[in-house]
Amino acid sequence: MITARLDSEDDFDGWRAQCRGLLRLGAKPADVVWQIGAQRTDLFANPDSATEALPIAVPKGFAELSRSVICHNDPERFGLLFQLLIDLKAGRRHMGDRADPLLRKLDIMAKTVRRDIHKMRAFVRFRRIEDDGDEHFIAWFEPEHHIVRRNASFFVRRFAGMRWSILTPQLSIYWDKDKLLEGPAARKEDAPSEDAIEAQWKTYYGSTFNPARLKVKAMLKEMPKKYWHNMPETALVSELIQSARNRELAMIEKETTVPVADTLQSLQAEAARCRRCPLFGPATQIVFGEGPQRAKLMFVGEQPGDQEDMQGRPFVGPAGQIFDTALTQAGLDRSQAYVTNAVKHFKFKPEGKRRIHERPNVGEVNHCRWWLKREIEMVQPDLIVALGATAARSLTGRNVAITTIRGNILESEEGVPVLVTIHPSYLLRLPDADKAAQERRNFVADLKQARDRLEKLQIAAT
Ligand code: URA
């Protein structure tokens, strides 16, 4: 038996380092005991050995899969991934093999982890305290998997200007507006349970709660009961559920209009009245997303162009034609996908009779993120394709260089995988015909990757 030690439950780098040693030794998964918490000593760390520093060459998709699976709470995960790694290297398994039971199991584990990451982003509620005369926001959260470190950068980006702590039974993280620090596991009693804004939350939630939309099963699925005790608004839920039927009848009687959109159509109607940034002024109309409410695949572009602004539909101009052709070549059906943009109004500079496209700035993209988020929450796609840098930034909160990152999978702030590719209008601007042809092929290859990934997910879910 060989003991492979890891620093922590989510020690991905440690697991990788140990795998290197185990592979060199020719160890089998059954020979290895994975141990957490004890001081990690890398197996056979031999400074004279060149192979020690070598990265393990792994097939595409393996690194992303293992990064997620490592955060799962199943104690078998290290061994299962090691088994997969050995088999991939020996050519006994292939990442694309959708019928492989081990791959399917690991895919489901990765999906569960991603869902947990999203739940944490959605259900963490901070309570404000005064600490040394300074504001400190503290939240208590109980994740199912080992996702706290993995999620920390999301909270840093989102709440960069606040001093906050998130306490969990696994560990605590603390952001002092400059550095992220880690502390020990906490107990629920360590976090404050009430603060001044609690009452406001409850009033807000009570007033937006729409009894006619009450679907208890769907609600419990999206917001499992175990998170309720952290969320001020849920103190109202059982009371609201009980009185829902009466309130619904009262609403019907009064013919009250429903204030919160619950379909894409009503969301679009709400967005048409958007005044969050000045772009609505010169534009002809809003160009909202279109496609099935439960599409598995979502495409996000930058902003509508001249044609889109006039027709009120995304990707119907010259870039849209390239997009449509590439979709067909990749074997994707546009009518099955949800197609939208990071910014919903056309931004342009008038030049004579022409309207010249202007790139939306960060503020405009951020203002419109509100709508994109709600589209993502309603459609719940399995995969989003970011067409270009603006879409990638809006979805992930990261500035990315498309040339280096294209073809890679990132993650949206909602926890949905995001495949990054070029914007189709880039292909319109290439003067060199050979280069343009090559870039078109690359674009189609990226879209095929999206198709393959979706098919794989579908099989894994059956
Ligand atoms: N470019 C985009 O990003 N979106 C459109 O809808 C059209 C062109």
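Order of appearance sets the numbers: ligands from 1, and atoms from 1 within every ligand. Note that this is a predicted model, so its numbers are computed, not measured.
- Ion pair Arg355/Asp309 flagged as a salt bridge, since at least one NZ, NE, NH1 or NH2 atom sits closer than 4.0 Å to an Asp/Glu carboxylate oxygen.
- Of the candidates Arg77, His72, Gln170, His145, Glu9 forms a side-chain hydrogen bond (donor to acceptor under 3.5 Å, both in side chains) with just one, namely Arg77.
- A distance limit of 4.0 angstrom between heavy atoms and ligand 1 selects the residues Gly301, Glu302, Gln303, Pro304, Gly305, Glu308, Pro314, Phe315, Asn341, His423.
- Qualifying side-chain contact (heavy atoms from CB on, under 4.5 Å) partners for Arg67, counting only residues two or more places apart in sequence or in other chains: Phe12, Arg16.
- Summarising the local packing, CZ of Arg334 is surrounded by more than 12 heavy atoms from other residues, nucleotides or ligands at distances under 6.0 Å.
- Using a 4.0 Å cut-off between charged nitrogen and carboxylate oxygen, Arg398 and Glu411 do not count as a salt-bridge pair.
- Counting heavy-atom neighbours within 6.0 Å of Arg92 CZ, excluding the residue itself, gives a total above 12.
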